[in-house]
Amino acid sequence: MSGRAAGTADAATTTDVVCLGESMVTFLPSQPGRLADVPSFGRGIGGAESNVACALAAAGHRASWVGRVGADGFGDHLVETIASYGVDTSAVRRDPVRPTGIYFRTATDRGTDTHEVAYYRAGSAASAMSPDNVPYEDLLAGRILHLSGITAALSADCLALLRDLTAPRPGRPLVSFDVNHRPHLWRGGDADASVLLELARRSDLVFVGEDEAEEAWGVVGAEAIRAALPEPAVVVVKRGSEGATVFSGLRPGPRSSNAGGAENADTVTLVPALRVDVVAAVGAGDAFAAGFLSATLRGLPVRERVRHGHLMAAAVLTVPGDLTDPPARDHADRLAALDDDAWGRLRLGPGWTAADRAPEEVRTP
């Protein structure tokens, strides 16, 4: 995969990336504080996979979101909002019985002890997705199929669906899998760890954070994560403020321990993160995946793929919500092409994505 655009689809392919997963209506607090104390909430949308689809569509790609929502007003809002980003929602199914999921969250960073999230998604329409009720012709129509571990946690039927979609099949699109370990969604025991490892190993491109790999699998460090995931052609290890390390092999399949001479030895690419004046930390992982996938579709080198991931994440980090318009492509390309010293000097703050700002105008220390 390294050095080439994703997929082997012919010119008849109409979709670049298909994203499958649950999207929910999000209620965002009007002020900081405990959920018990917040007097009112504004309405938004949230969902890892639909976030990726929206970011890709806003960046000029042909993106589709496949999901299941209730036949209710919240379902209408989700479909209409996601479609407003240019995402194809024609394959979304409406459930006449089960509701659209919703959740409330506090304004604090997800990683802090004061962050609260109240989910109302048990028995949601999306949790009823299964191999029997999703449109496979739409799911398999793109160059890339993007999935996440969140879907596997929703129900036994959703897990069966992800196992089926990651199984080998003729003409399977490149399968992108974001581990997205969410312990609170699982139903107890250690099933989450083994399931997420299984699905990741059956995928072609994997996104995983160092922190979640340690939490889920007890694996510490990028090299150990790659050793735990030998099959995917590309493993992107997200290392927070340190940046990302990408392991890109010549082909999928088990890798020889003799890295010096093996036909399918890895190329290891380390790309530092940007310094960003963070407004809100939610949505950055989804944006990073979208930026990396966007550059993959364009056939850019691995270093540029990671840099575009960092830039897309920086666009979201410098706004209050989960979604925002990405920088114009030529603007992002100029920044991604900077030499290492100039890249290291960048510091991005609110408003940096403005199309008329040249690289040298982005705030530096």
Check your understanding: Excluding sequence neighbours, so at least two apart, what forms side chain to side chain donor-acceptor pair (under 3.5 Å) with S30?
Key -> S40
**Study point:** Contacts of type salt bridge (Lys or Arg N to Asp or Glu O under 4.0 Å), residue D88, not counting sequence neighbours
**Key:** none
**Study point:** Transitive ILVMFWY cluster of I82, excluding itself - 4.5 Å side-chain cut-off
**Key:** V25, F27, L35, V38, F41, I45, W65, V69, F74, L78, V79, Y85, V87, V92, I102, F104, Y120, L323
Point to revise | Any residue meeting salt bridge (Lys or Arg N to Asp or Glu O under 4.0 Å) with D76, in chain and number order, not counting sequence neighbours | key: R94
**Study point:** Residues which pass side chain to side chain donor-acceptor pair (under 3.5 Å) with R93, listed by chain and number, not counting sequence neighbours
**Key:** none
Review point. Taking only residues two or more places apart in sequence or in another chain, which ones pass salt bridge (Lys or Arg N to Asp or Glu O under 4.0 Å) with D164?
Key: R169
Exercise for review: Could you note down all residue pairs passing salt bridge (Lys or Arg N to Asp or Glu O under 4.0 Å) where residues 206-218 supplies at least one of them, sequence neighbours left out?
Suggested key: E210-R239
Study note, to complete from the structure: salt bridge (Lys or Arg N to Asp or Glu O under 4.0 Å) filter on R163, not counting sequence neighbours, yields E198
Check your understanding: Who passes side chain to side chain donor-acceptor pair (under 3.5 Å) against S127, sequence neighbours left out?
Key -> none
Point to revise | Residue pairs passing the ring-ring contact (aromatic ring centres under 6.0 Å, His included) test where at least one lies in residues 294-322, sequence neighbours excluded | key: F288-H310
Study note, to complete from the structure: Residues passing the ring-ring contact (aromatic ring centres under 6.0 Å, His included) test with F207, sequence neighbours excluded, are F292
**Study point:** Residue pairs, two or more places apart or on separate chains, that pass salt bridge (Lys or Arg N to Asp or Glu O under 4.0 Å) and touch residues 22-36
**Key:** E22-R121, R34-D37
